[in-house]
Amino acid sequence: MPVSVKSVGLTRIDRHYNKGVYDLAVEAVDDALKDSGAEPSYLVASTSASLLLEPQLDLASYLASHLGLRGSRALAVEAGEASGLAAILAGYRLAISTGERVLVVGVDKLSDLPSASVHAALKHVFYRYGDALYKVGHAAVAGLLASLYMDRFGVDRETMSYWPAMMHSHAKENPYAMLRFAVKPEKVATAMPVASPLTLLDMFPLGDGAAAVLLDPQGGGLAEIASVESSTGPASIAFSEDPLWLDAVEESWRRALSTAGVNGVEVLEIHDSYTIMGLLILETLRLAERGKAAELVAEGAFTVGGSGPLVNASGGLKARGHPVGATGVYMAAEVAMQLADVFPGVKADDAKTGAAVSINGHGSSAYTAIFRST
Amino acid sequence: MPVSVKSVGLTRIDRHYNKGVYDLAVEAVDDALKDSGAEPSYLVASTSASLLLEPQLDLASYLASHLGLRGSRALAVEAGEASGLAAILAGYRLAISTGERVLVVGVDKLSDLPSASVHAALKHVFYRYGDALYKVGHAAVAGLLASLYMDRFGVDRETMSYWPAMMHSHAKENPYAMLRFAVKPEKVATAMPVASPLTLLDMFPLGDGAAAVLLDPQGGGLAEIASVESSTGPASIAFSEDPLWLDAVEESWRRALSTAGVNGVEVLEIHDSYTIMGLLILETLRLAERGKAAELVAEGAFTVGGSGPLVNASGGLKARGHPVGATGVYMAAEVAMQLADVFPGVKADDAKTGAAVSINGHGSSAYTAIFRST
Amino acid sequence: MSGVGGLRNVEAWRTRIPRYRFLGARCKSCGKLHYPPLKACPYCGSRDLEEAQLPRQGRLLAFTSVYSVEEGGREESPIFVGLIDLGVARVVAELTDVTDPSRLAAGIPVEAVFRRISEEDDEGVIVYGVKFRPVPGAGEGD
Amino acid sequence: MSGVGGLRNVEAWRTRIPRYRFLGARCKSCGKLHYPPLKACPYCGSRDLEEAQLPRQGRLLAFTSVYSVEEGGREESPIFVGLIDLGVARVVAELTDVTDPSRLAAGIPVEAVFRRISEEDDEGVIVYGVKFRPVPGAGEGD
Ligand SMILES: [Zn+2]
Ligand SMILES: [Zn+2]
């Protein structure tokens with residue numbers, strides 16, 4: 001029997017000054033367990049940036065204490081920005097091989113410290129002795145990739161701006177999203193510069209959030225897990241023959257499709273920390289030809305009624321938000337809700353298959369989880 | 001077919017000023033893979049203190065790059081001081097459920113920073129808003145437990161000193177140990193105080209190290225994994241009816257014995273960050289009556305020729321060393337080597353079963369791995 | 001600060017009330033108190049908790065003199081830490097105003113006082129909260 | 001510094017040689033060079049590597065002006081970062097001596113210079129290494 005996503009719980013992503021990691025995590029878990037009542041045997045926690053900003057080792061066991069799950073088996077999984085899906089992978093494997101219920105909880109807080117400190121911490125998703133060496137924060141690599149992309153494919157800034165606009169239009173309908181307002185494409189290029197050609201409107205906001213997913217090897221619930229796969233990629237964009245092609249994404253996707261026995265999916269959540277990463281993932285997944293993703297986005301291919309799958313109905317990292325260690329768990333929960341037709345926002349009508357694709361940084365690692373409706 | 005410890009690799013624990021985490025990890029992995037030649041599909045990394053001291057997110061994927069394992073699936077597991085065995089648990093479950101080889105690598109560096117900074121980082125194995133609140137470093141809780149123990153059971157300081165003496169006498173024979181010299185029991189009480197009644201000779205040294213274990217679902221190699229189990233415990237010693245009884249250790253041990261179908265083991269590596277933790281674990285495992293562990297140690301019960309199992313032939317955290325995130329991987333490797341009769345130090349003659357028991361802090365979580373000879 | 005610091009500004013503010021007022025939680029299911037308050041009872045796991053004032057008087061169950069301390073605490077070494085029995089709960093806390101360490105002993109009465117827990121750091125945050133001191137005038141073992 | 005700092009003292013010392021001398025590694029198996037040197041070839045995974053001097057002259061493939069920078073870098077905002085093609089290898093590096101940002105463009109020649117990478121922090125460590133600058137006197141697109 002396949003492992004299922006029995007239930008999920010989400011908190012709205014926001015600057016939760018009055019809530020700490022345990023407050024947020026408990027809220028998400030309460031939401032996930034409110035109907036099932038079933039206690040999990042394993043707790044897999046996923047936290048990333050907070051580990052550096054407000055250090056806590058063995059966070060998973062202290063989280064178990066806050067949840068009243070003393071005696072459960074608890075551990076934390078970390079893979080940078082892909083931590084959430086890495087925790088789903090670990091939880092899935094635990095559920096399969098033990099036959100026990102596994103609760104996966106992603107939680108992270110980015111709003112407690114000044115943004116300059118947060119950027120210094122987030123920079124460490126890149127290689128410490130390489131791209132993270134200079135005091136340039138988190139955005140530089142995305143700026144380089146965007147610059148390369150525009151040059152190589154002759155894509156103009158305005159066309160790329162349809163990505164954040166689409167994300168905001170999706171997030172408006174998602175009660176869990178951090179940025180629930182529309183953004184016109186023409187406003188993107190002239191917003192505060194972050195790493196040229198990218199602006200603040202191309203970048204994820206710094207917010208706090210927690211998401212919980214209860215995995216059940218007895219089946220039932222929102223959706224089934226068809227496969228969870230991953231691959232590591234190069235340690236730097238400098239080590240890639242073609243940095244605009246994300247090797248780790250391609251490989252994790254190929255593995256996941258093959259294991260799931262499907263050729264594609266109808267609903268998709270992908271990692272768009274910056275506009276360029278969303279576009280490169282679309283192209284690496286072959287949902288758009290090279291250099292054509294932005295144009296397809298502008299044409300509405302990936303929103304409701306479009307020719308492609310529905311992508312980032314949540315609003316994506318850009319507008320739903322990106323509480324680093326929690327993001328992959330949000331993605332998994334959102335896709336499962338879509339397949340059960342209970343996602344409280346933009347919906348993929350009658351979708352039977354969905355996927356979440358998460359990466360760290362420029363693609364030092366990538367994770368793909370594929371779900372099917374029950 | 002059971003998952004086996006195919007091969008292991010260790011670096012000597014030391015203050016490796018000239019080696020970083022990747023240097024150490026690669027050394028350990030080279031040692032582990034030198035004979036097998038088999039490439040793993042999964043890499044599970046375990047790092048704990050270094051995460052705070054020399055931050056690197058998604059360390060596992062950068063480690064894969066250093067190992068030439070690009071395209072492998074890599075993630076990091078963290079459970080404080082128990083991270084190493086938590087990584088073994090995750091790796092074991094991955095190996096069972098995927099049928100693929102899993103390389104578990106534990107690595108940590110404690111010697112790069114001044115010890116006051118290291119104590120500030122290590123303090124975070126305790127609960128951030130509780131026992132870790134005060135500026136007292138890592139040793140305070142152990143001091144409290146030792147003080148309680150001496151009071152309650154009328155154990156004198158001198159009797160407890162036989163633990164570090166035994167650890168040093170074992171470590172002398174272990175080429176991978178950090179402190180390879182004898183310590184007389186009478187020197188312990190008068191060494192530099194750390195957290196009264198404990199002294200520097202009751203405490204693990206701050207060293208760097210890496211250990212690698214290749215898990216193979218096809219069997220063969222040094223030993224078989226009979227079970228890996230864990231349990232969370234209280235968030236503080238203040239929340240325990242009896243803080244001298246380690247609930248999480250008892251539960252993880254009970255679960256592991258039950259799954260393995262054994263009543264005990266012949267060779268054992270346990271977590272003795274401080275003398276008192278070693279004694280409390282011996283008692284919680286019922287290898288000594290309450291309050292009698294130190295006396296039994298002094299009588300030689302847990303060394304070669306003793307009445308009990310051989311405990312910490314490596315020299316333990318006390319003298320082999322305790323590179324935090326790596327320690328559990330060292331333990332697993334050492335027990336597997338004992339069962340294959342290739343441990344290059346004090347040997348358990350003809351042992352058929354062995355175990356590693358690791359905890360975080362005061363026992364916020366505990367892990368037990370049980371091995372049997374092939 | 002080259003290593004890992006204490007509570008950050010916003011989190012120190014967010015978590016101040018229990019520390020300032022010495023408020024723990026009482027479990028409505030098993031009746032037990034604990035401090036600092038978690039979101040679940042550490043004894044029975046129940047999530048049905050209410051705020052509860054902890055007594056300020058207690059007895060020392062055990063203490064330790066910590067010498068190997070972290071940065072920012074070193075100049076005051078040793079620092080004394082106690083496991084304190086408040087009757088309805090136990091707490092681990094720093095001991096302060098220890099003028100004569102030789103009088104520290106299991107069983108002596110101690111009382112909660114409001115003190116500075118960490119000095120101003122680069123972020124400008126000073127953390128306050130409860131420490132315990134030997135009850136002035138009370139003899140050892142009273 | 002209230003957050004997460006740069007290289008620590010000992011690790012800055014330990015990793016200084018490749019940074020000071022701009023030394024990468026050449027793969028004996030596939031022949032490719034990379035910088036900073038890893039323990040395995042990023043292209044073919046071979047562990048059979050040898051030290052290799054990187055050329056100091058190259059061309060800018062792409063650049064970005066970074067405004068949202070971390071603490072310790074903010075006063076110099078924007079900071080320029082480039083992906084540089086050295087022929088035998090590519091590197092990501094900070095761009096320095098950019099007196100006229102409007103002349104930064106893909107294709108311009110750049111050269112390696114030895115510079116301070118991070119200022120003295122509380123631990124007293126200053127990290128030096130290679131940055132790249134537009135070749136003085138070379139016109140845009142030369
Ligand atoms: Zn209760
Ligand atoms: Zn090569």
Side-chain angles (χ1 to χ4, degrees), chain A residues 49 51-55 112-124 126-152 192-200 203 206 233-241 243-244 276 362, chain D residues 1-7 11-12 14-15 18-19 32 34-38 40-43 60-74 76-86 89-96 101 104-107 115 117-119 127 129-131:
Chain A
L51 211 51
L52 308 187
L53 296 170
E54 296 178 353
D112 277 3
L113 289 170
S115 62
S117 302
V118 178
H119 288 299
L122 288 176
K123 183 180 71 172
H124 293 90
F126 298 105
Y127 179 51
R128 183 168 180 80
Y129 306 113
D131 297 353
L133 184 66
Y134 303 96
K135 286 207 170 286
V136 297
H138 182 265
V141 168
L144 289 174
L145 290 175
S147 168
L148 270 180
Y149 183 80
M150 290 170 66
D151 247 36
R152 173 155 163 204
M192 198 181 93
V194 166
S196 66
L198 303 175
T199 74
L200 198 61
M203 181 192 157
L206 302 181
S236 166
I237 58 166
F239 299 158
S240 196
E241 308 276 2
L244 300 176
I276 184 65
H362 60 285
Chain D
M1 188 190 77
S2 55
V4 175
L7 297 192
E11 76 175 330
R14 182 171 58 235
T15 56
R19 279 201 318 277
K32 289 189 178 151
H34 70 276
Y35 174 89
L38 306 176
C41 173
Y43 300 98
L60 200 55
L61 286 170
F63 71 96
T64 180
S65 321
V66 184
Y67 291 83
S68 168
V69 296
E70 63 185 277
E71 52 200 349
R74 248 189 179 174
E76 298 154 43
S77 179
I79 291 180
F80 302 96
V81 179
L83 175 64
I84 293 140
D85 187 3
L86 299 169
R90 291 177 186 175
V91 294
V92 170
E94 189 174 330
L95 301 174
T96 189
L104 283 182
R115 290 296 164 84
I117 285 177
S118 70
E119 300 304 306
V127 178
V130 164
K131 295 184 182 179

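In what follows, every chain begins at residue 1, and chains take the letters A, B, ... in the order their sequences are listed.
Residues D:G6 and A:R128 come closest through the heavy atom pair O-NH2, 3.2 Å. Heavy-atom minimum distance, A:V136 versus D:I79: CG1-CG2, 3.5 Å. For D:R90 against A:S240, the heavy-atom pair with the smallest separation is NH1-O, 3.4 Å. Across all their heavy atoms, A:S236 and D:V92 have their closest contact at OG-CG2, 4.1 Å. Of all non-hydrogen atoms in A:G143 and D:T64, the two that sit nearest each other are CA-OG1, 3.6 Å. Taking all atoms of both residues into account, the shortest heavy-atom contact from D:Y43 to A:F239 is CE2-O, 3.3 Å.
When the candidates D:S65, D:P78, D:G82 are compared by the number of heavy-atom contacts under 4.5 Å with chain A, D:S65 comes out ahead. Across A:S147, A:A142, A:A235, the residue that shares the most heavy-atom pairs under 4.5 angstrom with chain D is A:S147. For the set A:G130, A:P197, A:S196, the entry with the most heavy-atom pairs within less than 4.5 Å of chain D is A:S196. For the options A:L133, A:I237, A:D151, heavy-atom pairs under 4.5 Å to chain D are most numerous at A:L133.
Residue D:F80 does not touch chain A at all, counting heavy-atom pairs closer than 4.5 Å. If you measure heavy-atom distances from A:E54 to chain D, you find no contacts under 4.5 Å at all. In this structure, chain D has no heavy atom under 4.5 Å from any part of A:P234. Heavy-atom distances place no part of A:R152 under 4.5 Å from chain D, backbone and side chain included. A:A140 touches chain D through backbone and side chain together, each having a heavy atom under 4.5 Å away. Heavy atoms closer than 4.5 Å to chain A are found nowhere in D:A89, neither backbone nor side chain.
Side-chain contact between D:L38 and A:Y127 is present, with heavy atoms from C-beta onward closer than 4.5 Å. Side-chain contact between D:K131 and A:Y134: present, with at least one pair of heavy atoms (C-beta onward) separated by less than 4.5 Å.
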Candidate pair A:Y129 and D:R19, rule side-chain contact (heavy atoms from CB on, under 4.5 Å), full reasoning: CA-CA 9 Å; A:Y129 306 113; D:R19 279 201 318 277; 5.6 Å; no
